[in-house]
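The structure appears right after this line, and notes come after that.
Just so you know, these numbers use all the heavy atoms, side chains as well, and skip hydrogens, waters and symmetry mates. Remember, predicted model here, so these are calculated numbers, not experimental data. In what follows, chains carry the letters A, B, and so on, assigned in the order in which the sequence lines appear, proteins first and then strands, with residues in each chain numbered from 1.
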Amino acid sequence: MPEGHTVHRLAARHHELLGGDVVNAASPQGRFSAGAARMSGSKLVSAEAYGKHLLHHYDLGLTLHVHLGLYGKFSDGTVPAPPPIGELRLRLFNDRHWIDLRGPSACELLDASQVQALLDRLGVDPLRADADPKLAYARLRHRAAPLGALLLDQSIIAGAGLIFVMEVLYRAGLHPSTPGTALTPKGWKRIWGDLVSLMAQAVLSGRIDTVRPKHMPDAMGRPPRVDRHGGEVYVYRRAGQPCLVCRTPIARGELNGRNTYWCPACQS
DNA sequence: CAGATATGACAAC
DNA sequence: TTGTCCTATCTGG
């Protein structure tokens, strides 16, 4: 379930479970055996998220970098850890807790310069206090590509995924194919503010909710509908279902191989 | 139980 | 623009 809010939650969780402790590492699946052996026995100094990237900083001077991709997943618990089942890329544990990682698109050890190179190619993360929205706007406003693609570009905005982008465009009344050049300062301010508040809320709740109270489906006389992703949304994966505001069926399309969703009436 | 699907990011063409 | 990778879960038969 990896959009930026998930990764920020994981960073906090991992620091809570293993931070300040010597960590044991193993790769039962074998694909990260060398890395696990190298980092095992070193102390986890801190864990942080940048966009969708998770970084564990260890006192041996190396950083564990994990990107969950589309399928990656973490789980954790208190010892004893269950026997490793399936494709378990990485297991971390101390005396009290274990953390398992499956299916990541990246799981690697980086030195300081490699970490810097990673951060250098990432855009502005709405969940980070040091985020500079002006920088992202400067990268958006002169590009003719559709906003549905630009807002997903991690070198512009780091951490927003398909759900947040589709929902934020809906709330701004902008069609996903609106070119970046058409984004006014006012429109950008609205989108950025939404990203910051919606993503921050998602960090707290662990799910993505974007529907304003007055638009909640049960307020319209229908049962609330919670998507499999766990939250309540206007358009994401609601193709064919009525818009929660105007009842027009939600449309679905494709952009760069990703699904896009919008209300043909509310977004132009 | 096979097939489709998924909140992502690449490289190769 | 297409293909590829990573894994679990949901769907329909």
Requested in this report: Remember a base hit wins even if backbone is also touched, and classify A:N256 as base, sugar-phosphate or nothing at under 4.0 Å, heavy atoms.
Outcome: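 The residue A:N256 makes no contact with any strand.
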Query raised in the report: So which nucleotide from B:dT7, C:dA8, C:dT7 ends up closest to the side chain of A:K73?
Result: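 Taking heavy atoms from C-beta onward, the closest nucleotide is C:dA8.
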Query raised in the report: Quick one: which of C:dA8, B:dA9, B:dA6 gets closest to the side chain of A:Y71?
Result: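 Output: B:dA6.
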**Report entry** Side-chain donor-acceptor contact under 3.5 Å, A:N259 with A:R252
**Finding:**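 The answer is yes; a qualifying pair exists.
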**Report entry** Side-chain donor-acceptor pair present, A:T63, A:H57, cut-off under 3.5 Å
**Finding:**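 Present: a donor and an acceptor within the cut-off.
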Report task. Answer yes or no: is there an ion pair linking A:D100 with A:K73, defined by an N-O contact shorter than 4.0 Å? Result ->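 Answer for the salt bridge query: no.
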Query raised in the report: Between A:H5 and A:F164, what is the ring plane arrangement, given parallel below 30°, perpendicular above 60°, and tilted in between?
Result: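 The arrangement is perpendicular - the two ring planes meet at more than 60°.
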Requested in this report: Please state whether the rings of A:W188 and A:Y137 are parallel, tilted or perpendicular, taking 30° and 60° as the class boundaries.
Outcome: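 Ring orientation, 0 to 90° scale: parallel.
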Requested in this report: Could you measure between the two P atoms, the one in B:dC10 and the one in C:dA8, and give it in whole Å?
Outcome: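 Rounded to whole Å, the distance is 23 Å.
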Can you measure [X] atom [atom1] to [N] atom [atom2] for me and round it to whole angstrom units?
| X | N | atom1 | atom2 | value |
| --- | --- | --- | --- | --- |
| A:L122 | B:dA9 | CG | C1' | 12 Å |
| A:L150 | B:dA9 | CG | P | 15 Å |
| A:I163 | B:dT5 | CD1 | C1' | 14 Å |

Query raised in the report: Do the side-chain N or O atoms of A:Y236 get closer than 4.0 angstrom to the phosphate oxygens (OP1, OP2) of B:dT7?
Result: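 Yes, within the criterion.
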**Report entry** Presence of A:R102 side-chain N/O under 4.0 Å of C:dC6 phosphate oxygens OP1/OP2
**Finding:**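 It does not, given that no N or O in the side chain of A:R102 lies less than 4.0 Å from OP1 or OP2 of C:dC6.
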Query raised in the report: Donor-acceptor pair, A:Q267 side chain versus A:P176 backbone, under 3.5 Å?
Result: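 No; zero donor-acceptor contacts below 3.5 Å.
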**Report entry** Any residue of residues 26-33 of chain A with a heavy atom less than 4.0 Å from an atom of DNA chain C
**Finding:**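 DNA chain C contact set from residues 26-33 of chain A: A:Q29, A:R31.
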Query raised in the report: With a 4.5 Å limit on heavy-atom distance, are the side chains of A:V245 and A:Y170 in contact?
Result: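 With C-beta onward as the side chain, the pair touches.
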Requested in this report: Go through the steps for A:K43 and A:D21 under the test salt bridge (Lys or Arg N to Asp or Glu O under 4.0 Å), then give the verdict.
Outcome: CA-CA 5 Å; A:K43 192 202 292 183; A:D21 283 1; over 6 Å; no
Query raised in the report: Which residue pairs pass the ring pair (Phe, Tyr, Trp, His ring centres under 6.0 Å) test with at least one member in residues 10-44 of chain A, sequence neighbours excluded?
Result: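 The answer is A:H14-A:H56, A:H14-A:F74.
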Expected rows: protein N/O vs nucleotides 10-13 of chain B N/O, under 3.5 Å:
from	atom 1	to	atom 2	distance (Å)
B:dC10	OP1	A:R121	NH1	2.9

